[in-house]
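Written out below as structure tokens is the structure these notes cover.
Proteins come first, then strands; the chains are lettered A, B, ... in the order of their sequence lines, and each starts at number 1. Predicted, not measured: the structure shown is a model, and the values here were computed from it.
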Amino acid sequence: MITIPYLTALSTYFSYGLLFAFGQFRDFFRKIFDWWNSTTDLQGYAPICLGLEDFYTRRLYLRIQDCFGRPISSAPDAWFDVVERYSNDNNKTLIRTTKKSRCLNLGSYNYLGFAASDEYCTPRAIETLKRFSPSTCSSRVDGGTTSLHNELEEYVARFVGKPAAVVFGMGYVTNSAILPVLIGKGGLIISDSLNHNSIVNGARGSGATIRVFQHNTPSHLDSVLREQIAEGQPRTHRPWKKIIVVIEGIYSMEGELCKLPEIVAVCKKYKAYVYLDEAHSIGAVGKTGRGVCELLGVDTADVDIMMGTFTKSFGSCGGYIAGSKELINYLKNNCPAHLYATSISPPAAQQIISSIKVILGEDGSNRGAQKLARIRENSNFFRSELQKMGFDVLGDNDSPIMPIMLYNPAKIPAFSRECLKQNVAVVTVAFPATPLLLARARICISASHTKEDLMKALEVFSEVGDLVGIKYFPAEPNKQHLEKCTTKED
Amino acid sequence: MYVKATPTADLNRNTEWFTYPGVWTTYILILFFAWLFILSLFGCSPGMAWTLVHLAHFAVTYHCFHWKKGTPFSDDQGIYNRLTWWEQIDSGKQLTRNRKFLTVVPVVLYLIASHTTDYNNPMLFFNTLAVFILVVAKFPNMHKVRIFGINADQ
């Protein structure tokens, strides 16, 4: 439920209409130009792009290409080096220079600060690198299971609170290769409307029927389940073989937590399986970092399949699936990502094991608990300060992701470039990753951000926000400021 | 001043923007400002300006809604490549509020255009032809129908 000022909605539609009209205009002239100067050696070959497919990329994305995909040349810690680029042909191609600027990192998923060199994890990762080499050069079933892999799976299962777990080398592949193994034709997948692309791809690849329910609305999930179970499979109306409901822990574009207790209750009522994708919430929320189940008080035995990735809070790469022993056994025997894909790199696995040890406090210090407390404080402080300044910020309390709404397409490059000039690097997201109206700048807070970093970010945002005009709500008067004024008058 | 936007369950990025608040008003305002623009550019009578707006609206909406097929993105892997925008909207459900609104707009434009030109002949013929084609194209029975194979796929 997002509140938009009405005039902003109107002007956003108008801007997109104008951009679309200009794009069509230029395409029209391009077609005439190409027909006039046609050098066709490719008679009879089919075109690579069919019709309008790449219109959005060519005419809208390329204009502001310098705001996306900026290369960095250091580890993505709280401060990092952004490589400067310039363009000679109006952003169609970008050329890297050798100059770098040191910027505040508000875009990396570095929730617990493990993305840069860590005093406990990095020496152990280097030692593993020397002992086991960077890659196992084999799939899990051939020669790619080392003692590290078994240790990692035990640790993950213990951390998440399930009997067993299986680990894959890549997070995206975990979703898109597991869903086809879990369910096939004759099954039903009900997924949240804002689920990640990996889940959508996995669901499409499985061959099951896909239905969507309104984002985070358990009542709509209830009515969709009811309707689908009553109707049965599409043409034969036989009962469904299996129903899986797929949801995420924290939605990365909204920063919202899912309404897990209500959704689990609905699924239990209709006997559907629950698949929880904790890519952004594992390690980042919850008192001991065990994710959304701990935060919302849901028993992990109620969630049938728990999936997560190691790229966000653990500073590594890869993904895992945790569930019952029978489920994991079945997956290990049938999932192509386990049977044929290269196993996770040993230093990456060691990084995960070490970071889990730090989070749980098994390294002998309380750094894990400090990090968790710090990320919670940082997120709540930053969000409340932004809201006080009048920005339209989404997301629930305790969530480290906060999108700041921009709405108009022109404000996306304006915000991004102005912040970069003041050495703050932000990630902006627009259509089609978000709905048309709701373009945003997504801030990810880390435990390695200090109070000074956050204050600097707030200053920069306040200035840029006034310049670009995104303070859509009235700002709350600052009490300290008022006191200063009254004492001056005296 | 503020409106609430609830995210829809429509997965088609090409059409889900039409379900958010403010679209209808923007559409009507674009038509109105186009009329003012044509009046100021050509200095013709208001009736001629409305006729020009009506015919331009016919050309643009016929091309965008009923001629162009598919979506401007490639991530949806071409699921909608055989459907025009009109057939994609609201996931193919007929007679929804959006569809009724979009059917009424050309009719209202026709009435305004013919009234302000006093139903005089060359304009009346073109206006009637335009509104006839547009309204017939929007009938529920015309869903996925390609007359004489015009605009059908290869």
*Heavy-atom proximity to chain B below 4.5 Å, by part of A/A21*: neither
*Side chain, backbone, both or neither: which part of A/Y61 has an atom under 4.5 Å from a heavy atom of chain B?*
neither
*Do other residues, nucleotides or ligands put more than 12 heavy atoms under 6.0 Å from the CZ atom of B/F42?*
no
*Identify which of A/T12, A/I4, A/V212, A/L436 forms the greatest number of heavy-atom pairs closer than 4.5 Å to chain B.*
A/I4
*With sequence neighbours excluded, what pairs up with B/Y62 under the side-chain hydrogen bond (donor to acceptor under 3.5 Å, both in side chains) test?*
none
*Heavy-atom distance under 4.5 Å to chain B: side chain of A/Y16, backbone, both or neither?*
neither
*asked:* Tell me whether B/H115 at atom NE2 has more than 12 heavy atoms from other residues, nucleotides or ligands lying less than 6.0 Å away.
replied: no
_Does atom CZ (A/F25) have a neighbourhood of more than 12 heavy atoms from anything else shown, all under 6.0 Å?_
no
*Do other residues, nucleotides or ligands put more than 12 heavy atoms under 6.0 Å from the CZ atom of B/F132?*
no
_More than 12 heavy atoms from other groups under 6.0 Å of OH on A/Y270_ = yes
*Please, which pairs that meet salt bridge (charged side-chain N to carboxylate O under 4.0 Å, His left out) have at least one residue in residues 46-72 of chain B, sequence neighbours excluded?*
B/K69-B/D153
_Structural part of A/R59 lying under 4.5 Å from a heavy atom of chain B_ = neither
*Could you look at A/N216 and say if it's the side chain, the backbone, both or neither that has a heavy atom under 4.5 Å from chain B?*
neither
*Side chain, backbone, both or neither: which part of A/L10 has a non-hydrogen atom closer than 4.5 Å to chain B?*
both
_Counting only non-hydrogen atoms closer than 4.5 Å, can you tell me which residues of residues 12-26 of chain B sit against chain A?_
B/R13, B/E16, B/W17, B/Y20, B/P21, B/G22, B/V23, B/T25, B/T26
*Taking only residues two or more places apart in sequence or in another chain, which ones pass side-chain hydrogen bond (donor to acceptor under 3.5 Å, both in side chains) with B/N127?*
B/H54
*With a 6.0 Å cut-off on ring centres, are B/Y2 and A/Y472 close enough?*
no
_Residue A/I32 excluded, over 12 heavy atoms near CD1 under 6.0 Å_ = yes
*For A/T434, is it the side chain, the backbone, both or neither that has a heavy atom under 4.5 Å from a heavy atom of chain B?*
backbone
_Can you tell me if B/L41 has over 12 outside heavy atoms packed within less than 6.0 Å of its CG?_
yes
